[in-house]
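Note on naming: letters A, B, ... go to the chains in the order of the sequence lines (proteins, then strands), and numbering restarts at 1 for each one. All figures in this text were calculated on a predicted structure; none of them were measured in a lab.
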Amino acid sequence: MGIHNLAKLIADFAPSAMKEQEMKSYFGRKIAIDASMCIYQFLIAVRSDGAQLANEDGEVTSHLVGLFYRTIRMIDNGIKPAYVFDGKPPDLKSGELVKRKERRQEAEKELEKAKEAGDTENVQKFERRLVRATPQHNEDCKKLLKLMGIPYVEAPGEAEAQCVALVNGDKVYGVGTEDMDALTFGTKVMLRQPHTSEAKKLPVQEYSFNKVLEGLNLSHEEFIDLCILMGCDYCGTIRGIGPKRAIELIQKHKNIEAVLENIDQKKYPPPEGWLFKQARELFKHPDVTPAEDIELKWTDPDEEGVVDFMCKRFGFNEERIRNGCQKLKKGRKGATQGRLDSFFTVVANKSSNKRKAEEMNGKKSKKAKGSFKKRK
DNA sequence: ACTCTGAGTCAAGACGGT
DNA sequence: ATAATTGACTCAGAGT
DNA sequence: ACCGTCC
């Protein structure tokens with residue numbers, strides 16, 4: 001579940017690390033997005049009378065509805081999304097996954113019960129809890145993105161980590177996510193909910209990694225240890241240590257080893273065989289494809305292809321789909337234009353460097369980060 | 001009294017006409 | 001073959 | 001801003 005309470009901790013201890021921006025200020029920006037998470041959310045949220053949208057044959061379309069319109073909305077605002085699909089979860093996560101599986105089986109039983117009792121309210125409740133993105137859903141989305149001219153990346157491991165690699169390798173400006181893990185992986189910039197802002201009139205929250213470290217007065221390594229102490233997906237935590245104590249302890253002792261030496265382990269018992277070192281390694285050197293090996297290209301949509309896929313196969317309204325394709329074409333031109341404009345108008349802005357690097361995509365390849373590829 | 005943890009529960013999108 | 005989320009909120013109870 | 005509808 002990401003890092004427990006990290007958003008709150010940053011709000012309390014490093015408030016200047018987050019600034020709120022208008023959606024408009026991201027015109028021309030490239031953003032990396034965890035596709036698997038979006039798909040999951042669409043499958044849960046896009047419903048009618050509690051049931052997912054589907055074509056006549058009963059094939060689910062909720063994920064396609066959501067992805068199609070959200071992507072268009074972003075392009076329409078001059079934001080260029082690149083989607084990242086999950087690969088294999090790291091082995092360290094299996095403990096967490098076992099728990100989730102148990103919860104799932106629990107929900108399945110409850111669902112059966114509710115069905116037999118004819119309790120429609122509970123049936124819906126537990127059906128939602130059982131939702132998951134299948135390989136088929138993922139394939140549908142990849143196909144749609146390809147036809148729309150939107151790039152995507154297949155990550156070897158966690159999508160979130162791959163997004164961060166794209167940011168820090170200057171392929172995109174930031175990660176667009178709800179998941180605070182991105183900061184633990186060290187993303188220079190993280191944007192929360194860059195898509196809903198306009199619909200709900202909420203500003204985009206932009207987190208700066210350097211300012212987080214500054215505000216908390218920690219190095220990246222110390223920050224990773226802090227996140228582990230607060231609770232991540234990869235290992236347990238010390239009972240009795242939450243955000244407040246965790247930050248105090250890390251600021252004082254600098255790392256988990258030293259914390260362990262300085263606390264009363266009877267009062268604060270660490271987990272048996274605690275794998276915090278492995279978790280730390282995972283955050284430091286996640287299994288990702290190096291950014292310089294990835295090329296992201298946004299192109300005009302293949303309108304006939306999109307219509308064929310969405311309308312013929314999935315029964316979407318052709319007028320709406322064509323309308324969307326037009327927006328994609330228009331938005332693309334606008335974004336190219338806008339990026340140049342803002343380059344000249346935002347003269348004294350530090351971020352113009354960043355912007356430049358983003359533009360130069362891969363020309364000067366970064367120094368290789370040692371070969372820490374994970375093998376399993 | 002106050003602070004904090006940790007367990008459990010919940011809800012989750014976007015469009016277009018009015 | 002097979003899997004597959006997350007954050008916000010509340011509340012009880014333990015610790016300081 | 002609300003609400004029925006999207007498929």
Side-chain angles (χ1 to χ4, degrees), chain A residues 1-9 11-12 34-74 76 85-91 93-94 96-101 103-104 106-107 124-126 128-138 155 157-160 177-182 192-193 195-196 198-201 229-233 236-248 264 267-268 310-311 313-321 323-324 327:
Chain A
M1 284 159 66
I3 307 299
H4 204 236
N5 280 321
L6 184 53
K8 205 169 174 215
L9 179 130
D12 291 345
D34 179 342
S36 313
M37 180 161 307
C38 293
I39 293 169
Y40 178 79
Q41 285 169 339
F42 292 138
L43 288 172
I44 286 189
V46 182
R47 282 160 185 262
S48 179
D49 287 330
Q52 289 161 322
L53 301 187
N55 69 4
E56 289 177 346
D57 301 334
E59 290 179 288
V60 172
T61 54
S62 295
H63 54 312
L64 297 171
V65 178
L67 185 68
F68 185 70
Y69 289 114
R70 180 180 288 182
T71 302
I72 286 167
R73 168 186 286 277
M74 282 191 276
D76 204 34
F85 289 84
D86 266 328
K88 281 182 239 149
D91 287 352
K93 208 170 179 174
S94 57
E96 173 72 16
L97 295 182
V98 165
K99 272 191 223 155
R100 288 180 191 168
K101 194 172 176 185
R103 264 181 262 153
R104 169 173 299 274
E106 191 69 19
Q124 287 186 13
K125 177 169 147 195
F126 291 115
R128 282 192 185 206
R129 208 171 290 179
L130 283 169
V131 164
R132 66 173 181 215
T134 65
Q136 184 61 53
H137 296 136
N138 281 336
E158 302 263 55
E160 211 69 39
T177 184
E178 253 320 272
D179 186 351
M180 302 296 289
D181 271 1
R192 282 184 114 186
Q193 304 282 34
H195 44 83
T196 62
E198 201 186 33
K200 296 185 180 168
K201 296 239 161 69
L229 276 182
M230 293 204 306
C232 65
D233 285 349
T237 58
I238 303 178
R239 189 178 192 94
I241 306 276
K244 304 280 155 80
R245 284 173 201 163
I247 189 166
E248 211 170 295
D264 179 351
K267 269 189 188 168
Y268 301 113
M310 293 293 270
C311 306
R313 163 123 188 250
F314 287 107
F316 279 69
N317 176 296
E318 181 166 340
E319 193 189 323
R320 290 188 177 193
I321 295 298
N323 197 358
K327 278 192 187 169

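Between A/L43 atom CG and D/dC6 atom P the separation is 19 Å, expressed in whole Å. When the C1' atom of C/dG7 is taken as reference, atom CD of A/Q41 falls 10 Å away, rounded to whole Å. Protein atom CE of A/M37 is 13 Å distant from nucleotide atom P of B/dG13, rounded to whole Å. Summarising the geometry, the separation between NZ on A/K8 and C1' on B/dT3 is reported as 11 Å, rounded to the nearest angstrom. Nucleotide C/dA8 holds its P atom 10 Å from the CG atom of A/L6, rounded to whole Å. Put simply, CG on A/D86 is 15 Å from C1' on C/dT2, counting in whole angstrom units. Separating the NE2 atom of A/H4 from the P atom of B/dT9 is a distance of 15 Å, rounded to the nearest angstrom. Nucleotide C/dA3 holds its P atom 16 Å from the CD atom of A/Q136, rounded to whole Å.
Comparing B/dG6, B/dG13, B/dG16 against the side chain of A/R320 picks out B/dG16 as the nearest. With C/dT16, C/dA4, B/dC4 as the choices, the nucleotide that has an atom nearest any side-chain atom of A/K267 turns out to be C/dT16. When the nucleotides D/dC7, C/dA3, C/dT16 are ranked by their closest atom to the side chain of A/L53, D/dC7 comes out on top. Among the nucleotides C/dA8, B/dC15, C/dT6, the one closest to the side chain of A/R73 is B/dC15. Of all nucleotides listed (B/dC4, B/dA12, D/dC6), B/dA12 comes nearest to the side chain of A/Y40. Among the nucleotides D/dC7, B/dG16, C/dT5, the one closest to the side chain of A/T61 is D/dC7. Nearest nucleotide to the A/F316 side chain, out of B/dG13, D/dC7, C/dA3: D/dC7. For A/N323, the listed nucleotide lying nearest its side chain is B/dG16; candidates were C/dG7, D/dC7, B/dG16. Side-chain proximity of A/R239 to C/dA4, D/dC7, B/dA7: nearest is B/dA7.
Straight-line distance between the P atoms of B/dC10 and D/dG4: roughly 25 Å, to the nearest whole Å. Across the P atoms, B/dG13 and C/dG7 are found 14 Å apart, a figure rounded to whole Å. The P atoms of D/dC2 and B/dA12 are separated by 15 Å, rounded to the nearest whole Å. Taking atom P on both B/dA7 and D/dC7, the two are 44 Å apart, rounded to the nearest angstrom.
Looking at heavy atoms from C-beta onward, A/S48 lies in side-chain contact with A/L53 at the 4.5 angstrom threshold. Looking only at side-chain heavy atoms (C-beta outward), A/Y268 and A/R245 come within less than 4.5 Å of each other. You'll find the side chain of A/H137 stays beyond 4.5 Å of the side chain of A/F42, heavy atoms only.
Look at A/R70 and you won't find any side-chain N or O under 4.0 angstrom from OP1 or OP2 of B/dG13. Under 4.0 angstrom from either OP1 or OP2 of C/dT16 there lies at least one side-chain N or O belonging to A/Y268.
For A/A133 and A/M180, each mapped to the nucleotide of DNA chain C holding its nearest heavy atom, the one lying further toward the 5' end belongs to A/A133. Residue A/I44 is the one, among A/I44 and A/R192, whose nearest nucleotide of DNA chain C lies closer to the 5' end (criterion: closest heavy atom).
A/M230 contributes atom CE, which lies 4.5 Å from atom CG of A/L6 (distance to the nearest 0.5 angstrom). One finds the CD1 atom of A/I72 at 7.0 Å from the NZ atom of A/K327 (value rounded to the nearest 0.5 Å). In this structure, CG in A/D233 is found 7.5 Å from CG in A/D179, a value given to the nearest 0.5 Å. Here the CZ-OG1 distance, from A/R313 to A/T61, works out to 11.0 Å after rounding to the nearest 0.5 Å.
Residue contacts for A/S62: at a heavy-atom cut-off of 4.0 Å it reaches no nucleic acid atom on any strand shown. Within the 4.0 angstrom heavy-atom criterion, no nucleotide atom of any strand lies near A/G66. Across all strands shown, A/I241 has heavy atoms under 4.0 Å from sugar-phosphate atoms exclusively, and none from any base. Within 4.0 Å of A/N5, counting heavy atoms only, lies no atom of the nucleic acid at all. Note on A/P243: only backbone sugar-phosphate atoms sit closer than 4.0 angstrom, heavy atoms only; bases stay farther off.
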